[in-house]
Amino acid sequence: MDVPLKYFGTDGIRGRVGEPPITVDFILKLGWAIGTVLAAKNGKRVLIGKDTRISGYMMESALQAGLASAGMKILSGRPHAYFCHCLSHPNP
């Protein structure tokens with residue numbers, strides 16, 4: 001997947017849900033890419049956190065699907081008003 005670096009700013013990937021780059025297809029592919037990189041570095045588990053916006057559930061599902069397709073074990077945290085990122089841990 002050829003993703004221009006312009007999508008990745010100091011605050012992560014920004015945009016309106018449903019409009020490029022914040023589409024389910026993009027997030028699924030991003031999850032696969034992240035999972036592939038983490039797996040190559042002996043990452044096995046990922047914790048996904050999200051904020052309280054309703055779109056977070058849709059994006060979380062797409063991210064989970066992409067990560068799972070790369071062989072990652074996924075843990076999901078409860079929504080938080082201030083937090084949206086992934087953590088990886090090398091132990092299964």
Side-chain angles (χ1 to χ4, degrees):
M1 175 165 88
D2 230 3
V3 179
L5 293 179
K6 69 180 181 179
Y7 293 134
F8 300 91
T10 57
D11 295 327
I13 302 171
R14 308 288 294 177
R16 287 185 176 267
V17 174
E19 297 177 10
I22 311 298
T23 63
V24 171
D25 183 56
F26 177 80
I27 300 300
L28 182 124
K29 291 175 183 176
L30 180 64
W32 176 84
I34 291 169
T36 300
V37 170
L38 292 176
K41 296 182 178 197
N42 293 321
K44 303 288 185 216
R45 295 186 294 177
V46 174
L47 171 64
I48 300 174
K50 63 182 173 293
D51 63 21
T52 57
R53 290 173 283 190
I54 195 71
S55 59
Y57 293 93
M58 182 176 66
M59 295 295 112
E60 179 184 32
S61 295
L63 188 61
Q64 287 174 336
L67 289 164
S69 71
M72 301 300 292
K73 294 181 182 176
I74 302 152
L75 303 165
S76 292
R78 294 186 316 218
H80 293 276
Y82 56 88
F83 149 85
C84 184
H85 64 275
C86 297
L87 299 173
S88 175
H89 193 281
N91 298 325

Contact summary for A39 and A70, nearest pair of heavy atoms: CB-O, 4.3 Å
task: With rounding to the nearest 0.5 Å, note down the distance linking NZ in K73 to NZ in K44.
output: 8.5 Å
message: I'd like to know if L28 and I48 are part of one continuous hydrophobic network [Ile/Leu/Val/Met/Phe/Trp/Tyr, side-chain heavy atoms within less than 4.5 Å].
response: no
field: L63 with V37, same ILVMFWY side-chain cluster at under 4.5 Å
entry: no
task: Under the side chain to side chain donor-acceptor pair (under 3.5 Å) rule, collect the residues that match up with E60, sequence neighbours excluded.
output: K50, S76
message: Is there a side-chain contact between T36 and W32 in this structure, where contact means two heavy atoms from C-beta onward sitting under 4.5 Å apart?
response: yes
field: Side-chain touch I34/V46, heavy atoms, less than 4.5 angstrom
entry: no
message: Test question: given the 4.5 Å side-chain rule for I, L, V, M, F, W and Y, name all other residues clustered with Y57, or answer none.
response: I54
message: When you measure from the side chain of S69 to the backbone of G66, do you find a donor-acceptor pair of N or O atoms at a distance under 3.5 Å?
response: yes
Set of residues satisfying side chain to side chain contact (heavy atoms under 4.5 Å, CB included) with respect to V24, sequence neighbours excluded: M58, M59, A62
task: Could you tell me which residues satisfy side chain to side chain contact (heavy atoms under 4.5 Å, CB included) with S55, sequence neighbours excluded, listed by chain and number?
output: V17, R53
